[in-house]
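These notes are about the structure you will find just below.
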Amino acid sequence: MVASPAPTTPAAPCFLGADISKEWVDFADLQGRTAHIDNTVTALTAALSEPCWRGCANLVCEATGGYERPLIEAAAALGLPLRRIHPSRARAFARAKAKLAKTDRIDAAVLAALAAFTADEPAPPLPSPAQRALAELMTRLGQLKDQRQAEQCRRERTESALVRRSIAASLALLDAQIREIGAALDEAIAADAERARTAALLRTCKGVGPVACRALLAWLPELGRLNRRTVAALVGVAPITCHSGSSSRSASITGGRKPLRDVLFMAALTASRHNPVFRSLYERLRAAGKPHKVALIAVVRKLVTTLNAMVRAGKPFQPA
């Protein structure tokens, strides 16, 4: 009789946290292993290629406004699942674990525990270099418009002729840069066949102008790939209930992608006046006693879910 081999215990999945700063990245896993790595694609790729971390089941970092890009490229090259967490969520998780101290190594260990906690959540796809470039252009366009608005406000309050000339020169430069960035955005959209088709679909919905179209393509690449509840939550227009015991407060919205939501708020304002579908929704809610902004947020939510369905089906807007 041949003896059966003894059963082997499968290796525990590796969950990895990455605390990112400008110059380096601190890694930690649940087994207590740590590393302090230069924040470059080459160094990070080498570190994540180590046998202990090569089969990482979930890698979590905080969104840092750009310093995480080398890690994104390294994780994409190695096929590792990377999840970017909002810093407020990471800090709330740390407080829930009674981790009040804050150092790079402690933060990395907390993120490793958060990686295990979020392992069953569907990981969002990592943005491609082209998508990141489009989002960066859109962000820059918004910054330039904010600067122009600030200069226009200053011009209204100044009395000095010299200051007025200075502001006029600044406005001329800002207007030129706004045109340049806008043209670059349109060229980037037209250069990609799939993105150009999506843009054409979006523009069939009255209320979605060039600004809203650019914002959707740059800041919501998931459009058409998610269900209506998820896409509304991503934008931050999903109603969040707040009931506890005998206390019952009105539902509200929070989180989401605020720059995109701000743009879509203006698109919804136009749609509520000129698109029969959304005008009907707005007027019905106002007749029911809903405040103006509540009705408009409902229009934003309807607009987002409608556009999501249009892109998913590949069909233009059809009035009901």
Side-chain angles (χ1 to χ4, degrees), residues 6-133 135-136 220-222 225-226 230 233-234 255 257:
T8 58
T9 303
C14 173
F15 298 108
L16 195 56
D19 184 72
I20 301 171
S21 62
K22 181 178 179 180
E23 301 294 339
W24 59 77
V25 178
D26 283 277
F27 288 102
D29 63 18
L30 297 184
Q31 287 70 43
R33 294 181 290 251
T34 62
H36 186 76
I37 308 296
D38 289 341
N39 192 9
T40 65
V41 176
T42 302
L44 293 172
T45 302
L48 292 173
S49 298
E50 292 293 325
C52 59
W53 290 341
R54 189 179 299 147
C56 174
N58 196 23
L59 168 60
V60 164
C61 71
E62 292 179 350
T64 63
Y67 292 139
E68 73 273 19
R69 288 175 185 168
L71 183 61
I72 290 175
E73 293 185 25
L78 296 172
L80 297 179
L82 173 63
R83 189 187 309 277
R84 289 184 294 175
I85 297 290
H86 194 285
S88 63
R89 183 181 184 187
R91 199 62 202 148
F93 184 79
R95 286 196 296 268
K97 291 178 65 65
K99 297 289 186 182
L100 303 183
K102 195 176 190 312
T103 68
D104 293 344
R105 184 169 292 186
I106 291 174
D107 287 350
V110 168
L111 290 172
L114 187 53
F117 184 77
T118 59
D120 59 344
E121 296 181 9
L126 295 177
S128 66
Q131 185 63 45
R132 293 201 303 270
E136 191 169 2
L220 194 62
E222 302 92 344
R225 304 173 189 172
L226 304 172
T230 304
L234 270 183
R257 300 176 183 176

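The structure presented is a predicted model; accordingly, all values stated were derived computationally and were not measured.
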| field | Nearest non-hydrogen partners of Cys56 and Pro81, listed with the distance | value | O-CD, 3.5 Å
| For the atom pair CH2 (Trp24) and CG (Asn39), what is the distance rounded to the nearest 0.5 Å? | 10.5 Å
| request: Examine distances only and state if a side-chain atom of Asp29 and a backbone atom of Thr34 form a donor-acceptor pair shorter than 3.5 Å. | output: no
| Side-chain (Thr230) to main-chain (Leu226) donor-acceptor, under 3.5 angstrom | no
| field | Nearest-0.5 Å distance that lies between atom CD1 in Ile20 and atom CG in Leu44 | value | 8.0 Å
| Side-chain donor or acceptor of Thr118 paired with backbone N/O of Glu121 under 3.5 Å | no
| Can you tell me if Arg84 uses its side chain to pair, donor with acceptor, with the backbone of Cys61 under 3.5 Å? | no
| field | Considering all heavy atoms, the nearest Ala94-Val110 contact | value | CB-CG1, 3.8 Å
| task | Output all residues satisfying ring pair (Phe, Tyr, Trp, His ring centres under 6.0 Å) with Tyr67, sequence neighbours left out; order by chain, then residue number. | result | none
| said: How long is the straight-line distance from CZ of Arg69 back to OG1 of Thr64, given to the nearest 0.5 Å? | reply: 8.5 Å
| Shortest non-hydrogen separation from Val60 to Ile85 and the atoms involved | CG1-CG1, 3.5 Å
| query | Looking at Asp104, Asp19, Asp26, which one forms a side-chain hydrogen bond (donor to acceptor under 3.5 Å, both in side chains) with His36? | reply | Asp26
| query | Is any side-chain N of the basic residue among Arg257 and Glu222 closer than 4.0 Å to the acidic one's carboxylate O? | reply | yes
| task | Take Arg132 and Glu73 through the side-chain contact (heavy atoms from CB on, under 4.5 Å) test and state the conclusion after the steps. | result | CA-CA 11 Å; Arg132 293 201 303 270; Glu73 293 185 25; 3.4 Å; yes
| Mind checking what makes ring pair (Phe, Tyr, Trp, His ring centres under 6.0 Å) contact with Phe27, not counting sequence neighbours? | Trp53
| request: Please determine which of Leu71, Leu48, Leu16 meets the side chain to side chain contact (heavy atoms under 4.5 Å, CB included) test together with Leu82. | output: Leu71
| field | Taking every non-hydrogen atom, the tightest pair across Leu59 and Ala18 | value | CD1-CB, 4.2 Å
| note | Shortest non-hydrogen pair, Ala112 vs Ala28, comes out as CB-O, 3.4 Å
| said: Strictly below 4.0 Å, N to O, side chains only: are Glu68 and Lys22 in salt-bridge contact? | reply: no
| Hey, is CZ on Arg105 packed in by over 12 heavy atoms from elsewhere, all under 6.0 Å? | no
| field | Option from Lys102, Lys97, Lys99 for which salt bridge (charged side-chain N to carboxylate O under 4.0 Å, His left out) with Asp107 holds | value | Lys102
| So, for Ala116 and Leu30, which heavy atoms are closest and what is the spacing to 0.1 Å? | CB-CD1, 3.8 Å
| query | Below 4.0 angstrom, N of the basic side chain to O of the carboxylate: do Glu62 and Arg83 qualify? | reply | no
| Atom CG in Asn58, atom CG in Leu111: separation rounded to 0.5 Å? | 11.0 Å
